[in-house]
Amino acid sequence: MSDISDITYPAILPANDLSDEVGDNVVQTFQLESNALRGRCVRMGDVLDEVLNAHDYPPVVAQLVAETMTLTVLLASMLKYDGIFTLQTKGDGPISMLVADMKSNGDLRGCAAFDVERLEALVSVEGDDIALSKALGTGYMAFTVDQEQGERYQGIVDLAGESLIDCAQHYFNQSEQINTGVKMVVGKRDGVWRAGGLMIQELPDEGGKDAHDIDDDAWTRAIAFLESASDDEMLDADLDANALLHRLYHEEGVRVFEPLNLQHKCRCDEERVRNVLSSMSEEDMHDIAVDGMIEMRCEFCSHVYRFNPDDLQSL
Ligand SMILES: [Zn+2]
């Protein structure tokens with residue numbers, strides 16, 4: 001397995017018109033003209049809402065799954081890959097796992113694993129605004145790229161800081177040594193889950209990982225503009241990515257490229273579930289059967305697959 005920081009960055013494509021509207025559920029690639037900074041802007045609406053509505057997560061879990069998915073889109077779209085990018089946290093806290101993955105075509109999904117009793121106990125003391133270290137505990141955040149053909153890449157960093165962004169920042173400081181600024185906001189607007197994300201990074205030299213030298217003022221200014229985006233601007237369904245980028249960065253000169261559309265799509269399928277079950281012993285199959293049927297629910301999309309153990313054995 002190779003280090004994920006060895007993956008090259010995507011080539012910059014021909015520029016699009018900033019005045020074109022790019023719609024919702026999209027990740028927009030951009031570059032600032034005045035300095036060698038490139039970025040990504042994410043706007044998500046019903047893609048995120050569908051994922052969270054397939055579950056009945058407590059608010060703190062729903063919030064973290066939304067953040068995990070947004071961070072996944074930001075990080076995945078920074079990499080050049082053909083396959084699946086996965087972001088996963090594992091820890092000893094009440095929320096033992098957060099996971100989201102994105103195919104290079106924009107198919108996105110996410111879910112969480114948590115201990116209901118431990119989480120309820122924590123929420124009863126802390127309220128819904130729980131420190132990340134208490135919710136996730138001690139553990140790690142892993143980034144994995146499974147290429148359609150070829151190698152598997154991974155990067156791992158300890159869970160640290162107050163937010164998932166802090167963990168990702170920690171990784172960039174430690175492993176990539178590329179200045180990275182990230183902002184994301186998730187929340188409900190008109191009863192629908194929405195997310196907005198912004199990320200800027202120093203642009204590495206062609207084919208390499210070394211960032212161009214950029215002056216500190218340019219970096220500070222770019223981060224200040226990023227931070228200046230309000231929660232309402234980040235979540236506004238009527239403010240598309242290009243309009244937001246224009247509002248934030250028009251003084252710097254902003255160039256936009258081909259956006260990638262995001263869609264909620266799970267990769268589970270009946271055949272795969274059937275194969276897993278078929279490899280079990282007859283006894284184990286009957287142990288997990290309820291009223292003579294085995295039910296398997298996909299953790300990501302909540303789709304329920306039902307099988308008769310006798311049919312599985314006859315395969
Ligand atoms: Zn599924």
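All residue numbers refer to positions in the sequence shown, counting from 1. This structure is a prediction, so every number in the text was calculated from the model and none was measured. Whatever order the structure lists them in is the order used to number ligands and atoms, beginning at 1.
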N-O pairing of [X] and [Y] below 4.0 Å:
X      : Y      : value
Arg189 : Asp232 : yes
Asp24  : Arg194 : yes
Arg267 : Asp107 : no

Exercise. Do you know the tightest heavy-atom contact between Thr68 and Val99?
Worked result: CG2-C, 4.1 Å
Exercise. Hey, does the side chain of Asp269 reach the backbone of Arg272 with a donor-acceptor pair shorter than 3.5 angstrom?
Worked result: yes
Exercise. Between His303 and Tyr305, is the ring centre distance below 6.0 Å?
Worked result: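 Yes, ring centres under 6.0 Å apart.
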Exercise. Excluding waters, which protein N, O or S atoms are within less than 2.8 Å of the Zn ion (ligand 1)?
Worked result: Cys266 SG, Cys268 SG, Cys298 SG, Cys301 SG
